Amino acid sequence: MIAASQRAPLDRSFFDRPVLDVAPDLLGRILVRHTEHGPIELRLTEVEAYAGPADPGSHAYRGRTDRNAVMFGPPGHVYVYFTYGMWHCMNLVCGPEDTASAVLLRAGEIITGADLARKRRTTSRRLADLAQGPARLATALDVDRSLDGSDLFPSDPAASPFRILTGAPADPATVRNGPRTGVGGEGAAHPWRFWIEHDPTVSPYRAHAPKKRR
DNA sequence: CCGACGATTCCCT
DNA sequence: GGGAATCGTCGGA
């Protein structure tokens, strides 16, 4: 069970900070996804920071487009993108506004609604696999582009598909960081992937795979 | 308009 | 370890 104190909601000011402060602070927090069949709750265990137009690894690197517009908006909103022709990935936009920075949610532990998550994640058997990787996480939480731009802190919380709770923030001594998965080029130099050490839900690291020449 | 490829996952060897 | 799946997005022509 989750202690009552861990179920207090975060507020927008949490996200209105530099992305490198927010990213590690998200570890251990609880993201709630409200579906029509009930809630799915995820304890975040692995994230990556993307630091705006100056970050070569970021979707915001070449400026604002229709796809990444939400990143350029106010903090506390959800940025969802579609990739590889079949997957979605989910980010939380950080502040200050117009810095176009966001945190990619890479992995977590499903603590409520595992049955709902399993319905979405047909290939997964073990609990630790359900949200082990950013596309798996989005699939388990039934997140797609229709949720792009969702506000974590709307005036009517009942209408929101998401909520985020304080959870049990990870002890900084257990937080590790390293290069971002799948990010190549200049962006690979930044150790902006953060995870909770020894957590079984953290996804395996994969270096960026350069396309073969032909 | 067209070609290349991606903040990935899954299955096969 | 390697390759396929699969399509929206973006940059260049």
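Naming: A, B, ... by sequence-line order, numbering from 1 per chain. The structure displayed is predicted, hence computed values, not measured ones.
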K.L.:
For A:Asp66, which contact category applies under a 4.0 Å heavy-atom criterion: base, sugar-phosphate, or nothing?
P.N.:
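A:Asp66: no heavy atom of the nucleic acid under 4.0 Å.
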
K.L.:
Roughly how many Å is it from CH2 in A:Trp87 to C1' in C:dA5, rounded to a whole number?
P.N.:
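Value for this atom pair: 9 Å.
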
K.L.:
Is the shortest side-chain N/O distance from A:Thr65 to OP1 or OP2 of C:dC10 below 4.0 Å?
P.N.:
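Checking A:Thr65 against C:dC10: at least one side-chain N or O falls below 4.0 Å of OP1 or OP2.
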
K.L.:
Expressed in whole Å, how much space separates the P atoms belonging to B:dC5 and C:dG3?
P.N.:
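Rounded to whole Å, the distance is 16 Å.
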
K.L.:
Report yes if a side-chain nitrogen or oxygen of A:Arg62 is closer than 4.0 Å to either non-bridging phosphate oxygen (OP1 or OP2) of C:dT9; otherwise report no.
P.N.:
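No, because none of the side-chain N or O atoms of A:Arg62 sits under 4.0 Å from OP1 or OP2 of C:dT9.
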
K.L.:
Rounded to whole angstroms, how far apart are CE on A:Met90 and P on B:dA7?
P.N.:
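Between P of B:dA7 and CE of A:Met90: 18 Å.
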
K.L.:
For B:dC5, give the paired nucleotide (Watson-Crick: N1-N3 plus N6-O4 or O6-N4; G-U: N1-O2 and O6-N3; both under 3.5 Å), or none.
P.N.:
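Here B:dC5 is engaged in a pair, and the nucleotide opposite it is C:dG8.
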
K.L.:
Please confirm whether the backbone N or O of A:Thr166 pairs with a side-chain atom of A:Arg29, one donor and one acceptor, at under 3.5 Å?
P.N.:
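Looks like yes, one N/O pair under 3.5 Å.
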
K.L.:
In whole Å, I'd like the distance from the OH atom of A:Tyr205 to the P atom of B:dT8.
P.N.:
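My rounded result for the distance is 11 Å.
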
K.L.:
Rounded to whole Å, please give me the gap between CZ in A:Phe82 and P in C:dG8.
P.N.:
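Checked: the CZ to P distance equals 6 Å.
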
K.L.:
State whether the side chain of A:Arg145 and the backbone N or O of A:Arg67 hold a donor-acceptor pair below 3.5 Å, judged by distance alone.
P.N.:
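Here the side-chain-to-backbone pair exists.
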
K.L.:
Are A:Asp142 and A:Lys119 within salt-bridge range, i.e. N to O under 4.0 Å?
P.N.:
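So A:Asp142 does not pair with A:Lys119 through a salt bridge.
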
K.L.:
Could you tell me whether the phosphate oxygens of C:dG2, OP1 or OP2, come under 4.0 Å of any side-chain nitrogen or oxygen in A:Arg206?
P.N.:
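For C:dG2, neither OP1 nor OP2 has a side-chain N or O of A:Arg206 closer than 4.0 Å.
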
K.L.:
With sugar-phosphate meaning primed atoms plus P, OP1 and OP2, does A:Gly57 contact a base, only sugar-phosphate, or nothing at under 4.0 Å between heavy atoms?
P.N.:
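Base, at least one base atom sits under 4.0 Å.
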
K.L.:
Between the base of B:dT8 and the ring of A:Tyr84 - centre-to-centre under 5.5 Å, planes within under 30° - is that a stack?
P.N.:
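Yes; centroid distance and tilt both under limits.
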
K.L.:
Describe the nucleic acid contact of A:Arg180 in one word from base, sugar-phosphate, nothing, applying a heavy-atom distance below 4.0 Å.
P.N.:
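Nothing: the residue A:Arg180, judged by heavy atoms under 4.0 Å, touches no strand.
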
K.L.:
Taking OP1 and OP2 of B:dT8, is either one under 4.0 Å from a side-chain nitrogen or oxygen of A:Arg106?
P.N.:
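So the side-chain polar atoms of A:Arg106 do come within 4.0 Å of the phosphate oxygens OP1 or OP2 of B:dT8, strictly under.
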
K.L.:
With heavy atoms under 4.0 Å as the rule, sort A:Arg121 into base, sugar-phosphate or nothing.
P.N.:
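The answer is sugar-phosphate, as A:Arg121 gets under 4.0 Å only of primed atoms, P, OP1 or OP2.
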
K.L.:
Without decimals, in angstroms, what is the distance between A:Leu92 CG and B:dA7 C1'?
P.N.:
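Taking atom C1' of B:dA7 as the reference, CG of A:Leu92 is at 14 Å.
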
K.L.:
Considering heavy-atom distances to DNA chain C, does A:Arg145 or A:Met86 have its closest nucleotide positioned more toward the 5' end?
P.N.:
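By nearest-heavy-atom nucleotide position, the 5'-most residue is A:Met86.
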
K.L.:
Rounded off to whole Å, could you give me the OH-to-P distance for the A:Tyr81 and C:dC7 pair?
P.N.:
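Roughly 18 Å, once rounded to whole Å.
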
K.L.:
Distance between the P atoms of B:dC2 and C:dT6, in whole angstroms?
P.N.:
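My reading of the P atoms in B:dC2 and C:dT6 gives 23 Å.
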
